[in-house]
2 protein chains.
Amino acid sequence: MKKIKLSSTNQINKNYLEDICMGAYALGIIGSRWKLSIFFYLKDRPMRFSELKQSLGSITERMLALNLAEMERDKLLTRIVFAEVPARVIYELTPIGKALTSVWDQLGSWGRQHKDFLLTNVSDG
Amino acid sequence: MKKIKLSSTNQINKNYLEDICMGAYALGIIGSRWKLSIFFYLKDRPMRFSELKQSLGSITERMLALNLAEMERDKLLTRIVFAEVPARVIYELTPIGKALTSVWDQLGSWGRQHKDFLLTNVSDG
DNA sequence: TAAGGAGCTTACAAAATTGTAATCATGAAA
DNA sequence: TTTCATGATTACAATTTTGTAAGCTCCTTA
């Protein structure tokens with residue numbers, strides 16, 4: 001999937017934090033660049049690879065495939081392949097994946113609050 | 001604070017996502033390695049630099065100072081300096097910072113759920 | 001005058017993430 | 001037999017994040 005150096009201080013710190021803090025653990029699973037947005041689209045309905053690619057606009061096929069593979073590995077979604085040609089593959093959130101919805105909504109709500117707050121307090125440069 | 005290349009595809013994608021998705025925006029502010037744990041300690045009470053350093057165990061002074069500075073810039077916390085020698089500085093969450101508490105709790109709760117789920121479904125290698 | 005403690009800051013290096021471009025497998029259809 | 005579309009994978013490069021080690025600035029006390 002990707003090569004990481006297990007013995008690096010970086011990894012050791014990451015593991016330590018994910019061990020003592022479930023929030024850090026959760027972010028380790030879903031905190032990378034595109035995953036939140038992939039989730040955002042899939043929460044309404046299953047979508048196929050090309051649909052996601054188009055919806056996400058500027059994502060590359062590599063990043064999309066990589067993120068989907070990690071999300072499948074982490075049981076956030078299910079990959080369903082139809083034996084057709086050309087290939088058809090759909091991605092669907094699992095129950096544990098869907099369970100993120102309310103957390104995401106809350107996080108987004110906090111984000112909006114924070115953005116508004118910064119706009120209101122225009123005193124900073 | 002840190003040098004980023006504003007014209008990179010990386011930055012452009014980041015900005016784009018943070019623009020259309022408030023969750024991504026929120027993660028941009030609080031999603032890095034140590035911030036969650038710093039928050040975790042500060043939510044109970046203000047703490048000084050050295051206390052945080054000790055609590056976080058393996059964090060370096062550089063990373064702690066860097067993260068605290070970013071969190072201050074983003075109005076998550078307030079830095080209070082006492083005119084003493086040796087210096088005494090305490091860090092305290094702002095209201096908007098504290099408002100993250102319930103989101104974090106929920107995220108952590110999801111994380112635990114997810115971890116348990118993986119342990120229960122031991123069928124994967 | 002030297003040492004010391006708290007809270008940083010700096011230059012540098014390692015590691016991880018993200019992006020680019022090219023290629024691949026399938027099997028139907030031209 | 002070549003072409004086509006979909007859903008990838010690969011080798012590589014750029015960018016960003018994280019860590020290392022040293023030093024700096026107060027002012028106080030020895």
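Note on naming: letters A, B, ... go to the chains in the order of the sequence lines (proteins, then strands), and numbering restarts at 1 for each one. Everything numeric here is computed off the predicted structure, so don't read it as measured data.
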Nearest to the side chain of [X] - [options]?
| X | options | result |
| --- | --- | --- |
| A/I4 | C/dG7, C/dT18, C/dT17 | C/dT17 |
| B/T60 | D/dG23, D/dA8, D/dG19 | D/dG19 |
| A/S32 | D/dG7, D/dT16, C/dT18 | C/dT18 |
| B/R33 | D/dG19, D/dT15, D/dG7 | D/dG19 |
| A/S8 | C/dA16, D/dG19, C/dT18 | C/dA16 |
| A/N10 | D/dG7, D/dG23, C/dA16 | C/dA16 |
| A/V85 | D/dT18, C/dA28, C/dA16 | C/dA28 |
| B/A87 | D/dT16, C/dA16, C/dG7 | C/dG7 |

How long is the line joining [atom1] of [X] and [atom2] of [N], in whole Å?
| X | N | atom1 | atom2 | result |
| --- | --- | --- | --- | --- |
| A/K5 | C/dA15 | NZ | C1' | 8 Å |
| A/Y16 | D/dG19 | OH | P | 13 Å |
| A/E84 | C/dA29 | CD | P | 12 Å |
| A/E72 | D/dT9 | CD | P | 10 Å |
| A/K14 | C/dA16 | NZ | P | 10 Å |
| A/E70 | D/dT9 | CD | P | 12 Å |
| B/E61 | D/dG23 | CD | P | 14 Å |
| A/K53 | D/dA8 | NZ | C1' | 11 Å |

Between [X] and [Y], is there a side-chain N and carboxylate O pair less than 4.0 Å apart?
| X | Y | result |
| --- | --- | --- |
| A/E70 | A/K35 | yes |
| B/K115 | A/E18 | no |
| A/R45 | A/E51 | yes |

(Q) Please verify the inter-ring angle class for B/F39 with B/W104; under 30° counts as parallel, over 60° as perpendicular, anything in between as tilted. (A) perpendicular
Q) Quick one: on DNA chain C, does A/N67 or A/P86 contact a more 5' nucleotide (nearest heavy atom)? A) A/N67
Give [X] one of three labels, base, sugar-phosphate or nothing, depending on what nucleic acid heavy atoms sit under 4.0 Å from its own.
| X | result |
| --- | --- |
| B/Y91 | sugar-phosphate |
| B/T9 | sugar-phosphate |
| B/S50 | sugar-phosphate |

Q) Any cation-pi pair here, B/K53 with B/F49, using under 6.0 Å and within 45°? A) no
(Q) Here's a test of your reading of the structure: between B/S7 and A/A69, which maps to the more 5' nucleotide of DNA chain D? (A) A/A69
Q. Of A/A65 and A/N13, whose closest DNA chain D nucleotide lies nearer the 5' terminus?
A. A/A65
Q: Answer yes or no: is there a side-chain heavy-atom contact under 4.5 Å between A/H114 and A/W110?
A: yes
Would one find a side-chain N or O of [X] under 4.0 angstrom from OP1 or OP2 of [N]?
| X | N | value |
| --- | --- | --- |
| A/Q11 | C/dA15 | no |
| A/R48 | D/dG7 | yes |
| B/R62 | D/dT20 | no |
| A/R79 | D/dG7 | no |

